[in-house]
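Each residue takes its place number in the sequence, starting with 1. Counting starts at 1 for both ligands and their atoms, following the listed order. Side-chain atoms are counted along with the backbone in the values below, which use heavy atoms only and exclude waters and symmetry mates.
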Amino acid sequence: MCGIFAAFRQPDVEEIRHRGPDWSGNITLNSTILCHERLAIVGLDAGAQPITSKDGELALTVNGEIYNHIQLREQFSSYPFKSLSDCETIIPLYQKYDIDAPKHLDGMFAFVLYDKKQDRIIAARDPIGITTLYMGKNSKKSQTVYFASELKCLVDECDEIIAFPPGHVYDSKTDKLTRYFQPTWWDENKIPSQPVDYKLVRETLEMAVRKRLMAEVPYGVLLSGGLDSSLIASIAARETLKAANYTVMN
Ligand SMILES: NC(=O)C[C@H](N)C(=O)O
């Protein structure tokens, strides 16, 4: 499991080292530090983080898997990607959409992006909070904001800590958290009138499992033994076999 840590306008701290374990990286720009402990899943050889933009003005640290990264690469075909990392697609998304960037991601993620020119930090967490992220402040350093995958990175330094709310984005420019995930089904007045379409349920579940199998490393399924996990395991097994046959035939 990857781990991230960021201290906006206050470098220091080493508490996330135990995660990864494939790579440890950090970058300091102005007085902001971003750290990354990597468990390599996609873009194995060149996906080390923090990732920077070509001009070095943007730096990014991510714990997550971006399922629509191939589509995003196609969308930003003129962006000079440095790696095959799924996470690098967040940089051109930020350049185009600013704090709306997370709206265009399909995945589980927690990321922190630092914009050097603006001395600005953006952080976001996936729509339902699959990936952990905490945010902290220290009342004696009013300018400083901390982010980390684990609470223990922040407890010694911060006197105010929150679990970063799922589906939100933080912007240091306004010092505000904004909800970006606003699904239409949240409107309690919208009661679906369509009868259940079991074929659609099946296809949607299959698609959901398939897109999570994008790893370039071996994977497994943690089973509780109930109906849901058994279904997921059987779809995963079938999809893996299909992919293996396809690879052999080609
Ligand atoms: N695993 C991660 O959280 C980061 C990225 N998806 C990688 O494969 O390196």
Side-chain angles (χ1 to χ4, degrees), residues 1-6 14-27 33-54 58-76 79-94 101-114 121-135 146-153 163-164 166-170 208-222 236 239-240 243:
M1 194 187 311
C2 289
I4 62 174
F5 172 78
E14 267 241 339
E15 293 281 355
I16 201 88
R17 267 282 121 87
H18 58 283
R19 290 177 69 135
D22 298 322
W23 168 261
S24 294
N26 63 68
I27 188 168
I33 183 165
L34 302 187
C35 304
H36 193 257
E37 295 297 326
R38 184 179 188 213
L39 172 66
I41 294 177
V42 175
L44 303 185
D45 297 334
Q49 297 190 38
I51 307 175
T52 52
S53 55
K54 197 176 173 198
L58 302 173
L60 173 74
T61 185
V62 189
N63 175 15
E65 311 310 320
I66 308 302
Y67 306 133
N68 61 339
H69 72 110
I70 308 247
Q71 291 89 319
L72 290 172
R73 272 175 191 273
E74 283 164 9
Q75 188 182 328
F76 294 104
Y79 178 80
F81 286 100
K82 290 177 168 177
S83 72
L84 292 175
S85 165
D86 52 322
C87 300
E88 192 177 359
T89 52
I90 294 172
I91 297 182
L93 266 181
Y94 166 74
K103 284 186 186 168
H104 300 267
L105 293 172
D106 177 8
M108 47 171 274
F109 56 83
F111 76 78
V112 179
L113 183 147
Y114 180 66
I121 210 157
I122 299 284
R125 191 172 175 203
D126 61 68
I128 60 166
I130 302 170
T131 308
T132 56
L133 187 64
Y134 297 91
M135 176 169 141
Y146 302 82
F147 302 90
S149 299
E150 294 185 16
L151 205 50
K152 64 169 167 283
C153 305
F164 196 100
H168 280 68
V169 58
Y170 170 83
V209 175
R210 198 178 306 129
K211 73 181 179 189
R212 285 169 173 78
L213 300 177
M214 65 175 197
E216 293 167 20
V217 287
Y219 48 79
V221 180
L222 280 176
E239 292 295 330
T240 307

_Tell me if a side-chain donor or acceptor on His104 pairs with a main-chain N or O of Pro102 at a distance below 3.5 Å._
no

*side chain to side chain contact (heavy atoms under 4.5 Å, CB included) between Ile121 and Tyr170, worked out*: CA-CA 8 Å; Ile121 210 157; Tyr170 170 83; 4.0 Å; yes

_Quick check on contacts: which atoms of ligand 1 are under 4.0 angstrom from a heavy atom of Asn63?_
3 (O)

*asked:* Regarding ligand 1, does Gly47 bring an N or O atom to under 3.5 Å of one of the ligand's N or O atoms?
replied: no

_Phe109 and Phe111 aromatic ring geometry - parallel, tilted or perpendicular at 30°/60° bounds_ = tilted

_Which residue and heavy atom of the protein sit nearest atom 2 (C) of ligand 1, plus the separation_ = Cys2 SG, 2.8 Å

*Can you find a heavy atom in the side chain of Ile4 that is under 4.5 Å from one in the side chain of Val112?*
yes

_Proximal ligand 1 atoms for Glu65, defined as those under 4.0 Å from one of its heavy atoms_ = 1 (N), 2 (C), 3 (O), 6 (N)

*asked:* Below the 3.5 angstrom mark, is there an N/O of Asp86, backbone or side chain, next to an N/O of ligand 1?
replied: yes

*Given side chain to side chain contact (heavy atoms under 4.5 Å, CB included), test Val62 with Ile90 step by step and report yes or no.*
CA-CA 9 Å; Val62 189; Ile90 294 172; 3.9 Å; yes

*What's the shortest distance from atom 6 (N) of ligand 1 to any protein heavy atom, and which residue and atom give it?*
Gly64 O, 2.7 Å

*Evaluate the criterion side chain to side chain contact (heavy atoms under 4.5 Å, CB included) for residue pair Leu34 and Asn26; output intermediate values, then yes/no.*
CA-CA 5 Å; Leu34 302 187; Asn26 63 68; over 6 Å; no

*asked:* Please list, in number order, the atoms of ligand 1 under 4.0 Å from a heavy atom of Arg38.
replied: 7 (C), 8 (O), 9 (O)

_Phe147 side chain near Tyr134 side chain, heavy-atom distance below 4.5 Å_ = no

_I need the atoms of ligand 1 closer than 4.0 Å to a non-hydrogen atom of Gln49, numbered in the order shown._
4 (C)

*Considering distance alone, does some N or O of Ala40 sit under 3.5 Å from an N or O of ligand 1?*
no

*asked:* Residue-level breakdown please: for Cys87 versus ligand 1, do any non-hydrogen atoms fall below 4.0 Å on the side chain, on the backbone, on both, or on neither?
replied: side chain

